[in-house]
S.K.: 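Pasting a structure below so you can have a look.
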Amino acid sequence: MKILLIGPPGGGKGTQAKKLSSKFNIPQVSTGDMLRDHVKKMSKLGIKAKEFMDQGELVPDELILKMMKSKLSDDNCKNGYILDGFPRTLPQAKGLDSLLDNIDSNLDKVIIIKVDDDVIIDRMGGRRVHKNSGRIYHIKYNPPKNEGLDDITNEPLSIRSDDKKETVKNRLKIYHDLTKPLINFYNLKNILFEVDGQNEIEDVFSSIINKL
Ligand code: AMP
C-alpha cells in the first residue's frame, strides 16, 4: 500500500504517519526527517538544505527528487510506504509520478488532513520533539509522560528551530501557495480523500483508516 498524507505544517502528518506505519508495518517516509538527519550529519545536502529549512522555505525540488529517487528504491519500500511531507509542490508530484511510472507503480490513496491556520499557529507553539527518534509531542494535546522528557529514552525534548511563530506563518503561506495545488492534481486521479484534522489524534486516525 502506498499512501500520501498532505496537510499544513503541524497538521499532524507525522503523528498519523507513525501510527499508520506501525499498523500496516510499512515505513514512514518523511522528507523532513530525512533532511533533519542530513543537517545533523552535516552532509553536503544537509548544509545546503539547512539555510532553506531555518527560514521555513522549501528545499529546491531537484535536491528533494534526487534524495527520494534513491529512498524509494530501498528494499524496505518494496511493500509500500506512507509518504509524509513529499511531494510538496507540483514539480515534485510530477517527478514522483515519473519515478513510480518507471517501476510500474502508483500511489493508492492520498489523504488530506485539513486544519485551519489559527489552530496550526496554536499547535506549533506547543510542539516538542525527540531529536534522535523524531517522536513528536504537544505540551497540551499529546504530552509526554514526564514533562519535557521522551517517553522511551527519557532524554530531553526540544523545540524545532523552524517552529518559531514567524517561520510558521511563512511555512503556512508556502503550504497555501505551493502545496495546495496538489489537491486538484490528485483529485483528477480520483485517489483523494479528506479528513478533519482538528479532532483528537485517535479520531483523526480512525477517519484515515475508514478512507483506506
Ligand atoms: P516537515 O518536517 O515536513 O515540516 O519539513 C521541515 C522542512 O523541511 C520544511 O519546512 C522544508 O524546509 C523542508 N522540506 C521537507 N520536505 C520537503 C519537500 N518535499 N520539499 C521541499 N522542502 C521540504
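Everything numeric in this text was worked out from a predicted model, so none of it was measured. All ligand and atom numbering here is 1-based and tracks the order in the structure.
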S.K.: Counting heavy atoms only, which part of Arg160 comes closer than 4.0 Å to ligand 1: side chain, backbone, both or neither?
M.R.: side chain
S.K.: Report the member of Leu35, Asn170, Thr179 with the shortest heavy-atom distance to atom 14 (N) of ligand 1.
M.R.: Leu35
S.K.: To check your reading of the model: name the closest protein heavy atom to atom 10 (O) of ligand 1, its residue, and the distance in Å.
M.R.: Arg171 NE, 3.7 Å
S.K.: Mind checking whether Leu58 contacts ligand 1 via backbone (N, CA, C, O), side chain (CB onward), both or neither, at a 4.0 Å heavy-atom cut-off?
M.R.: both
S.K.: So does Asp116 get a backbone contact from the side chain of Gln198, meaning a donor-acceptor N/O pair under 3.5 Å?
M.R.: yes
S.K.: Students should be able to answer this: which protein heavy-atom is nearest to atom 8 (O) of ligand 1, and at what distance?
M.R.: Met53 CE, 3.5 Å
S.K.: Decide yes or no for Ile6 and Ile113: does some side-chain heavy atom of the first lie under 4.5 Å from some side-chain heavy atom of the second?
M.R.: no
S.K.: Under 4.0 angstrom from ligand 1, any heavy atom of Gln55?
M.R.: no
S.K.: Provide, to 0.1 Å, the distance between atom 15 (C) of ligand 1 and the closest protein heavy atom, together with that atom's residue and name.
M.R.: Arg88 NH1, 3.5 Å
S.K.: With a distance cut-off below 6.0 Å to the six-membered ring centre and an angular limit of 45° from the axis, does Lys189 pair with Phe185 as a cation-pi contact?
M.R.: yes
S.K.: In the protein, what heavy atom is nearest to atom 20 (N) of ligand 1, and what distance, to one decimal place, separates them?
M.R.: Gln92 NE2, 2.9 Å
S.K.: In plain terms, say whether Lys19 and Glu202 are close enough for a salt bridge, that is, a side-chain N and a carboxylate O under 4.0 Å apart.
M.R.: yes
S.K.: Checking a contact table here: which protein heavy atom is nearest atom 16 (N) of ligand 1, and how many Å away?
M.R.: Thr31 OG1, 2.8 Å
S.K.: Whether Asp150 and Arg128 form a salt bridge (side-chain N of Lys/Arg under 4.0 Å from carboxylate O of Asp/Glu) is what I want to check.
M.R.: no
S.K.: Which residue and atom name correspond to the protein heavy atom nearest atom 12 (O) of ligand 1, and how close is it?
M.R.: Glu57 O, 2.5 Å
S.K.: Is Asp84 close to ligand 1, meaning an N/O of one under 3.5 Å from an N/O of the other?
M.R.: no
S.K.: Is it the case that ligand 1 has an N or O less than 3.5 angstrom from some N or O of Pro9?
M.R.: no
S.K.: Nearest protein heavy atom to atom 22 (N) of ligand 1, by residue and atom, and its distance?
M.R.: Val59 N, 3.0 Å
